[in-house]
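Notes to accompany the following structure.
Being a predicted model, the structure only gives us computed values, none of them experimental.
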Amino acid sequence: MAKNILNLNHTDAKKFFLTQEVFSNIELPDYFVFKNVLSATDKAFKKKVLDLSDLNKAKEKETINHILYGNKDGKYAWRKYQIINPLLYVSLVNIITEKDNWKFLQNCFKEFQKSKNIRCESMPVIPSGKRKQKAAQITQWVNNVEKKSISLALDYKFIYHTDISSCYGSIYTHSLPWAIHTKKIGKEKRGYNELFGNKIDCHLQAMNNGQTNGIPEGSSLMDFIAEIVLGYADCELSKKLNKIIESKKYFILRYRDDYRIFVNDISDGDIILKSLSEVLLDLGFRLNTNKTCFNQDIIGGSIKDDKVDSLKYGLVPKKLSKTELLRQLLIIQQIGKKFPNSGILKNRLSKIIDVVKSEHYKYQEKTITGILIDIGYNNPNCFPFIAGLMSDYIPKLSKQSQLDLLVRVQEKIGTLSNAGLLEIWIQRIALGLKLKLDFDETLCKYAYGDYKQKIFTNDWISEKTVKDILSNGVFVNRAVIDKIKPKIERREIQVFSYES
């Protein structure tokens with residue numbers, strides 16, 4: 001069983017939270033580097049934890065983190081990702097990983113996880129060897145959620161699926177001290193310095209213009225914070241169910257805000273859904289009725305629809321031809337229309353990247369580009385892989401053809417709102433080709449050397465040394481850009497490395 005964050009002592013937990021991949025799990029080219037700024041901020045910040053007066057100044061700022069938007073369906077389902085202001089991040093990490101606080105949180109989770117009938121499988125995992133943290137997390141989901149669900153067909157007849165509507169955006173920050181210290185104590189002791197849960201609460205508000213609803217998305221630290229509230233909900237649900245249903249009659253697997261409920265009697269499933277809804281409503285959450293469903297085929301119901309549907313297309317072959325490359329891309333395009341931003345798309349694109357050769361693109365570059373951009377336009381989460389494939393053949397075109405093609409791609413992507421993440425990956429191609437295009441995204445301008453661009457809002461910071469680090473912080477590794485190759489390397493975009 002993989003180690004998770006709760007297996008670490010407070011010192012190692014802090015080291016984990018201050019790593020690059022944990023700070024931001026947004027897919028960015030590897031010349032964007034935040035670990036050095038985090039380390040420098042941690043060393044320079046004498047107070048270690050921000051005062052309430054500092055946080056109140058931060059709350060006045062409409063945008064204090066750097067915001068990038070992802071898209072779930074290429075249309076209107078936007079997801080706001082945030083690269084958290086490093087000082088707020090470091091201060092929050094210091095609160096959570098202070099020795100006594102960390103021990104207290106570990107004990108909280110022991111209480112949350114007492115029930116043998118409710119199992120959480122989404123705690124941030126510690127990667128082994130050279131594995132990426134995201135790869136370790138995906139493996140955890142496959143082994144402990146998908147495969148475990150299938151094995152439960154031996155013991156149960158029915159499976160219910162449900163999840164929380166806009167989970168991270170709905171988290172009520174005051175529920176953090178409730179979850180950590182109990183609701184009674186949390187309501188009685190509301191002073192900033194009375195409970196460390198209150199400090200977490202105030203830091204989250206400072207990241208969100210003083211709002212008490214919503215936490216940033218895009219960091220494993222925020223995944224951990226969400227687990228505090230969701231773990232508390234598990235505990236409350238267990239207490240409620242213990243009074244009305246026998247423990248042997250159900251089993252619940254939870255992965256973040258996704259619930260799989262296993263029962264032998266439909267009436268038990270209805271009771272559990274009703275009880276879960278009541279517990280979540282008390283914390284400001286609502287179940288997503290559009291994704292709440294019932295299936296009497298546990299094996300079929302344990303595997304996502306996109307994965308089942310893709311079986312009819314077979315595997316991506318280990319050898320391609322020009323015709324087969326087009327066929328495989330058209331398969332991905334069709335899957336993407338039916339299941340926008342599905343993980344299957346990334347998986348199949350990844351397999352193509354592994355086996356495609358330069359001769360497979362020859363004389364059909366524009367056709368391939370048309371298909372790839374259609375996939376990326378409708379499934380923006382796939383764009384790093386789209387960029388990776390494009391970087392295979394664009395360098396072989398004439399300089400003018402390279403520029404013309406990238407400009408056309410940029411114009412197409414420009415018709416999408418909030419296309420910052422896509423611009424970043426178009427720029428990665430352009431940098432490798434030594435071409436310069438105009439981008440609206442601040443990180444793109446910063447990568448071009450325009451350091452007047454401010455990634456974070458820092459005028460609320462009182463400590464001059466820290467303020468200087470963040471205002472003059474180098475968030476781009478210039479040496480990487482100077483040596484950048486036209487072809488996007490596998491390690492830049494693949495979640496699972498060869499060492500995995």
- Message: Please evaluate residues Asp392 and Ser358 with respect to the criterion side-chain contact (heavy atoms from CB on, under 4.5 Å), reporting the C-alpha separation (whole Å), side-chain torsions for both, the decisive distance (0.1 Å), and the verdict.
- Response: CA-CA 7 Å; Asp392 269 352; Ser358 57; over 6 Å; no
- Query: What distance separates Asp257 CG from Ile164 CD1, expressed to the nearest 0.5 Å?
  - Reply: 5.5 Å
- Is the backbone N or O of Pro124 less than 3.5 Å from a side-chain atom of Ser220, with the two atoms forming a donor-acceptor pair by type? no
- Query: Got more than 12 heavy atoms from elsewhere within 6.0 Å of CZ, Arg491?
  - Reply: yes
- Tyr448 vs Phe439 aromatic rings, parallel, tilted or perpendicular, using cut-offs 30° and 60°? parallel
- Query: Does the side chain of His66 pick up a donor-acceptor pair with the side chain of Thr442 at under 3.5 Å?
  - Reply: no
- Is it true that the NZ or CZ of Lys412 lies under 6.0 Å from the centre of Tyr377's six-membered ring and within 45 degrees of the ring axis? yes
- Message: Would the distance check show the side chain of Asn477 and the main-chain N or O of Val480 forming a donor-acceptor pair, the cut-off being under 3.5 Å?
- Response: yes
- Check: Leu38 main-chain N/O paired with Lys43 side-chain donor or acceptor under 3.5 Å: no
- Check for a donor-acceptor pair, side chain of Ser91 on one end and backbone N or O of Leu88 on the other, with a separation under 3.5 Å. no
- Message: Counting C-beta onward and ignoring hydrogens, is there a side-chain heavy-atom pair between Phe224 and Leu105 closer than 4.5 Å?
- Response: yes
- Message: Looking at Arg478, I want to see if its CZ is surrounded by more than 12 non-hydrogen atoms of other residues, nucleotides or ligands under 6.0 Å.
- Response: yes
- Over 60° means perpendicular and under 30° means parallel, so classify the ring planes of Trp102 and Phe17, tilted if in between. perpendicular
- Could you tell me the separation between the OH atom of Tyr361 and the CE atom of Met390, rounded to the nearest 0.5 Å? 10.5 Å
- Message: I'd like to know whether NZ of Lys434 has more than 12 heavy-atom contacts from other residues, nucleotides or ligands below 6.0 angstrom.
- Response: yes
- Message: Checking the side chain of Gln20 only, and the main-chain atoms of Lys35 only, is there a donor and an acceptor separated by less than 3.5 Å?
- Response: yes
- Inspect the surroundings of NZ in Lys48 and state if more than 12 heavy atoms from other residues, nucleotides or ligands are less than 6.0 Å away. yes
- Item | Lys304 atom NZ: more than 12 heavy-atom contacts under 6.0 Å | no
- Message: To the nearest 0.5 Å, what is the distance between CD1 on Ile64 and CD1 on Ile84?
- Response: 11.5 Å
- Query: Any chance NZ of Lys454 has more than 12 other-residue heavy atoms, nucleotides or ligands included, within less than 6.0 Å?
  - Reply: yes
- Task: Answer yes if the side chains of Ser24 and Tyr81 hold a donor-acceptor pair under 3.5 Å, and no otherwise.
- Result: no
- Item | Nearest-0.5 Å distance, NZ of residue Lys467 to CG of residue Asp459 | 6.0 Å
- Message: Can you confirm if the aromatic rings of Tyr451 and Tyr446 lie within a centre distance of less than 6.0 Å?
- Response: yes
- Minimum-distance pair of heavy atoms, taken over all atoms of Leu28 and Phe32: CB-CD1, 4.2 Å
- Message: If I take atom CD1 from residue Ile461 and atom OG from residue Ser471, how far apart are they, to the nearest 0.5 angstrom?
- Response: 6.5 Å
- Message: Is it true that Gln137 and Gln133 share a donor-acceptor pair across their side chains at a distance under 3.5 Å?
- Response: yes
- Message: Ring-plane angle category for Phe104 and His181, please: parallel below 30°, perpendicular beyond 60°, tilted otherwise.
- Response: tilted
- Query: Can you tell me if NZ on Lys399 sees more than 12 non-hydrogen neighbours from other groups inside 6.0 Å?
  - Reply: yes
- Query: Is there a donor-acceptor pair closer than 3.5 Å between any side-chain N or O of Asn198 and the backbone N or O of Gly191?
  - Reply: yes
- Is a side-chain N or O of Asp201 found less than 3.5 angstrom from the main chain of Leu176, in a donor-acceptor match? no
- Message: Is there a salt bridge (charged side-chain N to carboxylate O under 4.0 Å, His left out) between Lys114 and Glu111? Walk through the geometry before answering.
- Response: CA-CA 5 Å; Lys114 267 187 176 180; Glu111 186 66 27; 3.3 Å; yes
- Message: Does Phe285 form a side-chain contact (heavy atoms from CB on, under 4.5 Å) with Ile171? I'd like the steps, not just the answer.
- Response: CA-CA 7 Å; Phe285 293 124; Ile171 288 177; 3.5 Å; yes
- Donor-acceptor contact present, side-chain Asn213 to main-chain Tyr172, <3.5 Å: no
- If you look at every heavy atom in Lys346 and Asn381, which pair is closest and at what distance? CE-O, 3.1 Å
- Query: Do the non-hydrogen side-chain atoms of Arg131 and Thr139 ever get within less than 4.5 Å of each other?
  - Reply: yes
- Query: Checking Gln402 side chain against Pro395 main chain: does a donor-acceptor pair fall under 3.5 Å?
  - Reply: yes
- Go through the steps to decide whether Glu463 and Lys46 satisfy the test salt bridge (charged side-chain N to carboxylate O under 4.0 Å, His left out), and finish with yes or no. CA-CA 9 Å; Glu463 286 194 25; Lys46 302 301 181 187; over 6 Å; no
- Query: Does atom NZ of Lys396 have more than 12 heavy-atom neighbours from other groups under 6.0 Å away?
  - Reply: yes
- Message: With rounding to the nearest 0.5 angstrom, report the CG to CZ distance, Leu87 to Phe45.
- Response: 5.0 Å
- Note on the structure: The residue among Asn4, Asn144, Asn143 that forms side chain to side chain donor-acceptor pair (under 3.5 Å) with Glu121 is Asn144
- Can you name the one residue among Asn458, Thr457, Asn65, Thr41 that meets side chain to side chain donor-acceptor pair (under 3.5 Å) with Asn85? Asn458
- Query: For the rings on Tyr89 and Phe456, is their centre-to-centre separation under 6.0 Å?
  - Reply: no
- Message: For the backbone of Asp54 and the side chain of Asp51, can you confirm whether one donor and one acceptor N or O come within less than 3.5 Å of each other?
- Response: no
